Number of protein chains: 2
Amino acid sequence: MPSDLRGLADIDRLIHEPARLALAAILSVVESADFLYLQRETGLTKGNLSSHLAKLEEAGYIAIEKTYRGRIPLTLVRLTDAGAAAYRAYRARFKKFLEKTG
Amino acid sequence: MPSDLRGLADIDRLIHEPARLALAAILSVVESADFLYLQRETGLTKGNLSSHLAKLEEAGYIAIEKTYRGRIPLTLVRLTDAGAAAYRAYRARFKKFLEKTG
DNA sequence: CAAACTAGTTTGTTATACAAACCATAAAGG
DNA sequence: CCTTTATGGTTTGTATAACAAACTAGTTTG
């Protein structure tokens, strides 16, 4: 039991943050999503979404592809394998916590 | 589904923080605990434990009683009703997220 | 009586999340 | 045209935050 609690300390903070957790949850089921879709779904401002995406990209959890729809810029985001694995691990870790402390 | 994700944004950050989540988990099952016991269980330094406890106390989630064991100071901590309710709500919220995004 | 231990708190640094301002391009209106 | 208005973002600034390290105060031990 104690070890389960201490384990919380080294949970993946990158995914633990609610905004990014929501992003991971969306991206885990959609192949890819564009910036504005993510903004609508999460309710984040553009600024915050941009910086959260930057962090996830730095970590290698997502890949960002900047392209165009016609001549309007379009930013496509998808979860990398590493990102999907991190998300799964996070969920498993948290689920275990909820069960053990049920 | 979107509404479930946006709901993450207003999850209780005070409890969401892993160190405090561990504290809440412990306190939810022990009636009361002293400072050093909490430190051992969580693996936190005294400084961090002290400041996390201060935050939980400010929020009214815990009550701190400073007393003595012989002539050695002893800090006893227990979850308030509000704290217990917040912890339950947090768990319920997160459990729902895990289920919906399963 | 000095060293070391117990039980914490205060202080300082670094990182983080969020909001607001900014920038570039494109379509629309007069 | 050319100047608003909308689209699609990025950069910048600020207030909180977590964490570690230093400090305080009293106590026991050698």
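Every chain is numbered from 1, with letters handed out A, B, ... down the list of sequences. All values reported here derive from a predicted model rather than from experimental measurement.
Among the nucleotides dA7(C), dG8(D), dG8(C), the one closest to the side chain of Pro73(A) is dG8(D).
Heavy atoms of Leu74(B) sit under 4.0 angstrom from primed sugar atoms or phosphate atoms, though from no base atom.
Here dT6(C) presents its P atom at 18 Å from NZ of Lys66(B), a figure rounded to the nearest Å. dG8(C) atom P lies 10 Å from atom CD1 of Ile72(B), rounded to whole Å. Remark: C1' of dC19(D) and CG of Asp10(A) are 15 Å apart, rounded to the nearest angstrom. Taking atom NE2 of residue His16(A) and atom P of nucleotide dA17(D), one finds them 14 Å apart after rounding to whole Å. Distance Arg69(A) CZ to dA6(D) C1': 13 Å, rounded to the nearest Å. In this structure, Glu65(B) places its CD atom 12 Å from P of dG8(C), rounding to the nearest Å. Atom CZ of Arg71(A) and atom C1' of dA24(C) are 15 Å apart (whole Å). Between Tyr68(A) atom OH and dT7(D) atom C1' there is a gap of 13 Å when expressed in whole angstrom units.
Side-chain N/O atoms of Ser51(B) and Asn48(B) include no donor and acceptor closer than 3.5 Å. For the residue pair Arg91(A)/Thr101(B), the side-chain donor-acceptor check at 3.5 Å is satisfied.
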Pairwise N/O distances under 3.5 Å, protein to nucleotides 14-20 of chain C:
| unit_1 | atom_1 | unit_2 | atom_2 | d |
| --- | --- | --- | --- | --- |
| dA17(C) | OP1 | Arg20(A) | NH1 | 3.2 |
| dA17(C) | OP1 | Arg20(A) | NH2 | 2.7 |
| dA17(C) | OP2 | Arg20(A) | NH1 | 2.8 |
| dA17(C) | OP2 | Lys55(A) | NZ | 3.1 |
| dC18(C) | OP1 | Arg13(B) | NH2 | 2.6 |
| dC18(C) | OP2 | His52(A) | NE2 | 3.2 |
| dA19(C) | OP2 | Asn48(A) | ND2 | 3.1 |
| dA19(C) | N7 | Asn48(A) | OD1 | 3.0 |

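Of the side-chain N and O atoms in Thr75(B), none sit less than 4.0 angstrom from OP1 or OP2 of dA7(C).
Ring geometry for Phe94(A) versus Phe94(B): interplanar angle under 30°, hence parallel rather than tilted (30 to 60°).
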message: salt bridge (charged side-chain N to carboxylate O under 4.0 Å, His left out) for Arg13(B) and Glu17(A)? Distances and angles first, verdict last.
response: CA-CA 9 Å; Arg13(B) 303 282 183 133; Glu17(A) 155 62 29; 3.2 Å; yes

